[in-house]
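What follows is a single structure, written as structure tokens, with notes after it.
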Amino acid sequence: MNAAILLALVPALAWGSVGLVNTKMGGSAGQQTLGMTFGALIFGLGTMFFYVMPNHAYMGSEIWVVGLVSGLVWAVGTAGQFLAIKDLGVSLAIPLSTAGQIVTNALMAAIVLGDWKTGRMWAIGVISIIAVVIGATLISARDRALNSGINDQVQANNMTKGLVYLAISTAGLMFYFVLPNFLNKIGYISDTIKSEHNGVDYMTAIVGPQAFGQVIGAFLIVIFVLKEADKMFAKPTWKNIVTGLVWAIGNIFMFISAANPAIGQTIATTFSQLGIIVATFGGIYLLGEKKSSYQMRLIVIGTILVVVGAIIIGNINSFT
């Protein structure tokens, strides 16, 4: 298998594990978000000092702007996702989040960034996105029999809150994904800067500034939105540094893949969402989130649809 494709699959494994790891680490959504950004900061500084600076990659003001802004919107998206997990559980929240991100990111990349250049690519791409969305919907199907002991109104309220959090999360993560390439598209980042060493220099250079943006965004959200200033430095925050390190590995490989002309934004983003498989089955078998035999059948069918749809999008350049 092509090495570039294998590298583009690393984020799926890493990001698919984030919900599992942070649930095991425990803590509130604020503690999880803040702890995760601390882990991302450690990784970002390591990337900056041990790769970016020794290789003399460009670190001008434009790089800092891209990194800081993408880090801020990431913090919004991640906090929303963690809040949704509290209400919906990993095996429901992550598939729904995945579906939203695939649709918004793929369409943004195709429309705004111009990754899909022909009518045939559009037709295949849209069909593939539909397959992925249907698959995610099947994976997230609920069985009312499992919740017969739960008050219907409480369950409905949790679902509503969870979906609102997911909508906010999807918007934040969409801008985080697309921003580095979008700012190149409009000319803020020059083609010379973006293409240096096949895009690797640009995408690794923003990781350090991005980590600072993530920490700043997390502090603002925890203090002013979640009102958790009194417990933001408790033990669960420090435990969730592990979550941040796992996420950061996926992050750097996603950006490198998006910058690689052989992969592109749409393929890199869609492949990264295959973490839905890790999150869904991990939530069931590792976290003990119960599913009926009916749900498991739908999960298997949905997983196949997600994988097939992602593989087709992964080869969409073959349909020019």
Side-chain angles (χ1 to χ4, degrees), residues 2-5 7-8 10-11 40-41 43-77 101 104-118 121 125 171-217 248-272 313-314 316-317 320:
N2 188 292
I5 296 294
L7 292 179
V10 171
L41 181 62
F43 194 94
L45 291 176
T47 302
M48 181 188 296
F49 288 121
F50 296 107
Y51 179 83
V52 175
M53 294 176 68
N55 285 281
H56 306 290
Y58 181 73
M59 284 288 293
S61 60
E62 307 99 305
I63 297 296
W64 282 90
V65 169
V66 175
L68 287 170
V69 175
S70 65
L72 287 169
V73 295
W74 173 91
V76 173
Q101 288 177 57
T104 56
N105 290 331
L107 290 178
M108 280 288 288
I111 296 170
V112 178
L113 302 179
D115 282 1
W116 297 357
K117 297 177 174 63
T118 67
M121 292 178 74
L173 294 175
M174 176 191 70
F175 285 114
Y176 151 74
F177 275 121
V178 174
L179 192 66
N181 281 334
F182 174 70
L183 292 180
N184 166 250
K185 183 77 173 180
I186 64 174
Y188 182 75
I189 298 294
S190 70
D191 289 338
T192 301
I193 294 174
K194 180 180 183 294
S195 61
E196 190 70 22
H197 290 126
N198 207 27
V200 173
D201 280 6
Y202 171 49
M203 288 304 188
T204 52
I206 68 175
V207 169
Q210 185 182 73
F212 284 106
Q214 290 167 330
V215 172
I216 293 169
I249 292 170
N251 180 56
I252 195 164
F253 278 102
M254 200 286 292
F255 275 142
I256 290 172
S257 297
N260 186 342
I263 302 297
Q265 178 80 43
T266 304
I267 296 173
T269 300
T270 304
F271 271 17
S272 73
I313 289 181
I316 199 166
N317 289 328
T320 54

Problem - Partners meeting side chain to side chain contact (heavy atoms under 4.5 Å, CB included) with A248 (sequence neighbours left out) - result: F43

Problem - side chain to side chain contact (heavy atoms under 4.5 Å, CB included) partners of L107, counting only residues at least two apart - result: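 So L107 forms a side chain to side chain contact (heavy atoms under 4.5 Å, CB included) with V103, I111, W122, I129.
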
For the [atom1] atom of [X] and the [atom2] atom of [Y], what is their distance to the nearest 0.5 Å?
X    : Y    : atom1 : atom2 : result
M203 : D201 : CE    : CG    : 12.0 Å
F175 : T104 : CZ    : OG1   : 9.5 Å
I249 : I252 : CD1   : CD1   : 10.0 Å
I206 : L183 : CD1   : CG    : 9.5 Å
F212 : L41  : CZ    : CG    : 5.5 Å

Search all heavy atoms of [X] against all heavy atoms of [Y] and return the closest pair with its distance.
X    : Y    : result
N260 : A4   : ND2-CB, 4.0 Å
A211 : G44  : CB-CA, 4.4 Å
M48  : G208 : CE-CA, 3.6 Å
V10  : F253 : CG1-CD1, 3.6 Å
P11  : A8   : CD-O, 3.3 Å

Side-chain atoms of residues 59-74: list all donor-acceptor pairs with protein atoms under 3.5 Å, sequence neighbours left out, distances to 0.1 Å.
unit_1, atom_1, unit_2, atom_2, d
E62, OE1, Y58, OH, 2.6
E62, OE2, Y58, OH, 3.3
S70, OG, V66, O, 3.0
S70, OG, G67, O, 3.0
S70, OG, Q210, NE2, 3.1
W74, NE1, T78, OG1, 3.2

Practice task
Compare all side-chain heavy atoms of M254 with those of F177 and state whether any distance is below 4.5 angstrom.
Solution key: yes

Practice task
Kindly write out the residues that satisfy side-chain hydrogen bond (donor to acceptor under 3.5 Å, both in side chains) with Y176, not counting sequence neighbours, or none if the list is empty.
Solution key: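 Y176 satisfies side-chain hydrogen bond (donor to acceptor under 3.5 Å, both in side chains) with N251 only.
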
Handout entry: side chain to side chain donor-acceptor pair (under 3.5 Å) pairs, two or more places apart, involving residues 44-57
Key = none

Side chains of residues 186-196: which donor-acceptor partners sit under 3.5 Å, not counting sequence neighbours?
unit_1, atom_1, unit_2, atom_2, d
S190, OG, I193, N, 3.2
D191, OD1, N184, ND2, 3.0
S195, OG, D191, O, 2.6

